[in-house]
2 protein chains.
Amino acid sequence: MHNTSAEEFETSPERVRRTQDSFSIGDLAKEFDITTRSIRFYEDQGLMMPERRGQTRIYTQKDRVRLKLILRGKRLGFTLAETKTLFDMYDRDGSSVNQLQTMLRLIEDKKLALRQQLEDIKVVLHELTAVESGCRAELSEKTKEYP
Amino acid sequence: MHNTSAEEFETSPERVRRTQDSFSIGDLAKEFDITTRSIRFYEDQGLMMPERRGQTRIYTQKDRVRLKLILRGKRLGFTLAETKTLFDMYDRDGSSVNQLQTMLRLIEDKKLALRQQLEDIKVVLHELTAVESGCRAELSEKTKEYP
DNA sequence: GTAAAACTTTACGTTAACGTAAACTTCATG
DNA sequence: CATGAAGTTTACGTTAACGTAAAGTTTTAC
């Protein structure tokens with residue numbers, strides 16, 4: 001599983017490799033602090049297709065980068081489906097102009113939605129503050145006779 | 001069901017009532033622009049308990065106010081369970097000090113959560129803008145040879 | 001008096017991204 | 001060789017607030 005230690009104390013004449021070229025599902029789970037279940041789920045949704053050695057999944061650097069992109073996408077509010085769309089485009093015709101344009105459209109959509117959310121939250125915050133004031137008034141009303 | 005028209009053209013010597021004292025489920029649904037399904041769902045969750053005439057639900061002014069409070073709670077980000085908690089307190093001991101304090105605690109929690117959300121959204125917006133810039137740069141890179 | 005509108009209950013479906021459990025195989029280690 | 005860690009598949013459960021459909025009864029309207 002772990003070949004880190006094997007690398008560090010390599011006895012063969014081969015040079016120590018600083019960058020691994022293959023990872024187990026557990027390696028990636030640890031590195032990105034997610035569960036193996038999540039990684040398998042992403043595969044289920046068609047976002048990754050690691051090779052197999054028998055039953056076992058073998059992840060390459062490319063797979064690792066993909067995972068990193070999936071997680072970045074999530075941070076940015078992209079759904080898995082949206083990320084998959086981008087991946088599919090990339091897989092078809094490389095990092096094309098078309099893909100970049102799609103990406104930009106997606107980003108615009110997200111930004112619009114987030115700005116709307118910002119406004120909504122601000123409004124609700126104000127409403128909450130108003131209700132809060134009402135509560136405080138009522139409360140002091142009810143407790144003033146017991147000072 | 002509808003006694004609005006009946007009121008307006010009342011022929012009996014009774015005075016015209018400006019405020020209804022009972023409503024059908026459809027009346028309330030229309031007034032608040034929600035579905036009857038929602039109203040029945042709130043009842044299911046223990047937030048309302050209208051009387052029945054046979055099978056049919058009869059809503060009083062008090063029920064109507066409750067519904068209004070449920071919807072206000074939703075606007076303010078309260079879950080139905082939270083609203084129910086407040087109702088339960090009210091039902092037990094009237095609009096007590098205790099209830100007001102619970103309300104204030106809930107409000108504080110919501111405000112904290114919303115402020116956190118605000119910050120998160122701002123961060124993501126900045127990240128999105130950064131990614132956007134990257135995309136634009138790459139895009140102009142890829143299209144500059146075809147001017 | 002009959003057809004349409006409104007109402008009722010029951011219960012499964014929806015969304016997103018996994019969590020959790022069961023039951024199994026494979027691998028490395030002492 | 002036994003055992004424990006890591007891996008595998010399959011499939012149901014979770015959350016919130018309803019949507020939707022089916023299949024029935026009751027009211028209302030013309």
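Throughout, a chain's letter reflects where its sequence line sits, starting with A, and its residues are numbered from 1.
- Residue Asp44(B) contributes atom CG, which lies 14 Å from atom P of dG19(D) at whole-angstrom precision.
- The phosphate of dA17(D) (OP1 or OP2) has no side-chain N or O of Tyr42(B) nearer than 4.0 angstrom.
- When rounded to the nearest whole Å, the span between CD1 of Ile70(A) and P of dA17(C) equals 11 Å.
- The closest side-chain donor-acceptor pair between Thr85(B) and Asp88(B), if any, does not fall under 3.5 angstrom.
- Here the C1' atom of nucleotide dT8(D) and the CD atom of Glu51(A) are 18 Å apart, to the nearest Å.
- In the displayed structure, Asp33(A) atom CG is contacted under 6.0 Å by at most 12 heavy atoms of other residues, nucleotides or ligands.
- Distance from the side chain of Lys74(B) is smallest for dC18(D) among the nucleotides dC18(D), dG7(D), dC7(C).
- Rounding to the nearest 0.5 Å gives a distance of 12.0 Å between CD1 of Ile121(B) and NZ of Lys110(A).
- Comparing atom distances between the Ser38(A) side chain and each of dT8(D), dC18(C), dA17(D) picks out dC18(C) as nearest.
- Between the P atom of dC18(D) and the CD1 atom of Ile39(B) lies a distance of 11 Å, rounded to the nearest Å.
- Rounded to an integer number of Å, the gap from CZ of Phe32(B) to C1' of dA17(D) is 18 Å.
- Atom CG of Leu28(B) and atom P of dC7(C) are 10 Å apart (whole Å).
- Stacking of Arg64(A) on the aromatic ring of Tyr59(A) is not recorded, the 6.0 Å distance cut-off and the 45° axial limit not both being met.
- Summarising the hydrophobic clusters (Ile, Leu, Val, Met, Phe, Trp, Tyr; side-chain heavy atoms under 4.5 Å, direct or chained), the residues clustered with Met49(A) are none.
- A side-chain donor from one of Thr129(B) and Lys111(A) sits under 3.5 Å from a side-chain acceptor of the other.
- Across the protein-nucleic acid pair, Asp27(A) atom CG and dA5(D) atom C1' stand 14 Å apart, rounded to whole Å.
- Checked against dC7(C), dG7(D), dC18(C), the side chain of Ser24(A) finds its nearest nucleotide in dG7(D).
- Protein atom CZ of Phe78(B) is 17 Å distant from nucleotide atom C1' of dA17(D), rounded to whole Å.
- For the OP1/OP2 pair of dA6(C) and a distance below 4.0 Å, the side-chain nitrogens and oxygens of Thr36(B) include no atom meeting the criterion.
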**Study point:** nucleotides 9-16 of chain C: protein proximity per nucleotide (B base, S sugar-phosphate only, - neither; heavy atom, under 4.0 Å)
**Key:** B-B-----

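- Dashed line: the shortest gap from a side-chain N or O of Thr56(B) to OP1 or OP2 of dT8(C) is not under 4.0 Å.
- Side-chain contact between Phe32(B) and Asp27(B) is absent, with no heavy-atom pair separated by less than 4.5 Å.
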